[in-house]
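All chains are named by letter (A, B, ...) in the order of the sequence lines, taking the proteins before the strands, and each is independently numbered beginning at 1. Keep in mind the model is a prediction, meaning the values are calculated, not measured.
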Amino acid sequence: MDVASREGLLDWYSRYARDLPWRRTRDPYAVWVSEVMAQQTQIATVLPYYERWMERFPSVDALAQADEDTVLALWAGLGYYRRARTFLQAARLVARDGWPASADAWRKLPGVGRYTANAIASICLGEAVPVVDGNVKRVYARFCADDGTGPRFERSCWEWAERVLDRERPGQMNQALMELGARVCTPRQPKCGECPLSRPCAAYALGCPTDFPAPAPKAEVVERHVVFWAHFWGGKWGLRRAEPGEWWAGMWCLPTEVLAQPLAEEFSLGRFNHTVTRHRLRCVVAWKAAHDADLAWFSTEDLKTLGIPTAHGKALAIALRALTDASEHDRMAVGRESTA
DNA sequence: AAACCGGGGCC
DNA sequence: GGCCCAGGTTT
């Protein structure tokens, strides 16, 4: 990329960058929070979680002192819950040992890979290290008309990002490339007319920007029938904390069971589908009247303070509605009796 | 349904 | 270097 193109990109970024809360600061904690939340997650989804998080845990020390339940409760709904637990672990290391002073030092923290380490170091420390995320990959693939796949493509991306990096303003350059990918060089309908890099872009010259990057091979989808057991006893819900190695580790969950075939309709309180990564769960909710001693018991009000993954939240909502409908039905029945 | 998202860890 | 993670949103 020549000097004029690089200036054009940085100029575009200074004009059109989204005003995101973590772009108003160079506080490494704030930037770190945003980067961890944004992993595999769209920025629009992150925003409300980010605001809530910063209010509750305004500093790395505040986070380090928090208990895991509180952290998971604030993360509930963002998915990939391992991120939250790993982040807490890393925050405790930083609170104990102090802030990393380079990208290499950041890279040593759990949950901090090459992308995150370089993003924070370039933005907060001004270190001249490149970043490659999904946006940069797409920008690179089109700019260089590289339809490669796999490790060779990955290497080329990083080499390109390193080569085009503005060594005086690495943070601005890295964010400019990502922002361009997010706002202009979009997957399906790129706005080449608004792109500061259209002139030197190889895919634009070829007239087929959306041919790049090459589509990834599809992973096989695994389908499974799962029953969520709704234990309700004495006005409380019976939940268990998922153990390490289980799905939703650390989160509060209904007991579940994988079935060979769908549960009979007569036992079902409701159904929903839940897709995660390459798994498609066909979910059904059913009452379980037994008082299981291994469960912890929470009132409906208590549920709001727990870290409950989305699928289990859906199941609880179905059970709660069934409960409400049943009591409504009872009141109607009582009403009919009294007027009779 | 599929594609995509400001990836990381693991072997 | 290939696979898994135990998600949500958008088209």
Original post:
After noting the C-alpha distance and the side-chain angles of A:Arg240 and A:Thr256, does the key distance pass the side chain to side chain donor-acceptor pair (under 3.5 Å) rule?
Top reply: CA-CA 10 Å; A:Arg240 56 182 290 277; A:Thr256 57; 5.9 Å; no
Original post:
Looking just at side-chain N and O atoms, do A:Asn273 and A:Arg282 make a donor-acceptor pair shorter than 3.5 Å?
Top reply: yes
Original post:
Do A:Thr300 and A:Trp237 have side-chain atoms, one donor and one acceptor, less than 3.5 Å apart?
Top reply: yes
**OP:** Find the distance A:Leu47:CG to B:dC5:P and express it as a whole number of Å.
**Re:** 17 Å
**OP:** Answer with base, sugar-phosphate or nothing: what part of the nucleic acid does A:Trp22 contact at a heavy-atom distance below 4.0 Å?
**Re:** base
Original post:
Is A:Arg155 touching bases, backbone alone, or none of the nucleic acid, heavy atoms closer than 4.0 Å?
Top reply: sugar-phosphate
Subject >> Of the listed nucleotides B:dG6, C:dC5, B:dG7, the one nearest the side chain of A:Leu20 >> reply: B:dG6
**OP:** Looking only at side-chain atoms of A:His279, point me to the closest of C:dC5, B:dG7, B:dC5.
**Re:** C:dC5
Subject >> Pairwise P distance, C:dA6 and B:dC4 [rounded to whole Å] >> reply: 23 Å
**OP:** Give every residue pair that meets the salt bridge (Lys or Arg N to Asp or Glu O under 4.0 Å) criterion with at least one member in residues 173-190 of chain A, sequence neighbours excluded.
**Re:** A:Arg18-A:Glu179, A:Arg23-A:Glu179, A:Glu179-A:Arg183
Subject >> Other ILVMFWY residues reachable from A:Tyr115 by side-chain steps of under 4.5 Å >> reply: A:Met1, A:Leu9, A:Leu10, A:Trp12, A:Tyr13, A:Tyr16, A:Val131, A:Val132, A:Val136, A:Val139, A:Tyr140, A:Phe143, A:Phe153, A:Trp158, A:Trp160, A:Val164, A:Leu165, A:Met173, A:Leu177, A:Met178, A:Leu180, A:Val184, A:Leu197
I'd like a table of atom pairs between the protein and nucleotides 8-11 of chain B - only N or O on both sides, under 3.5 Å - with the distance next to each one.
{"residue": "B:dG8", "atom": "OP1", "partner": "A:Gly113", "partner atom": "N", "Å": "3.0"}
{"residue": "B:dG8", "atom": "OP1", "partner": "A:Thr116", "partner atom": "N", "Å": "3.0"}
{"residue": "B:dG8", "atom": "OP1", "partner": "A:Thr116", "partner atom": "OG1", "Å": "2.0"}
{"residue": "B:dG8", "atom": "OP2", "partner": "A:Tyr115", "partner atom": "N", "Å": "3.3"}
{"residue": "B:dG9", "atom": "OP1", "partner": "A:Gly111", "partner atom": "N", "Å": "2.3"}
{"residue": "B:dG9", "atom": "OP1", "partner": "A:Val112", "partner atom": "N", "Å": "3.4"}

**OP:** Would you indicate whether A:Arg321, at its atom CZ, is surrounded by more than 12 heavy atoms from other residues, nucleotides or ligands within a distance under 6.0 Å?
**Re:** no
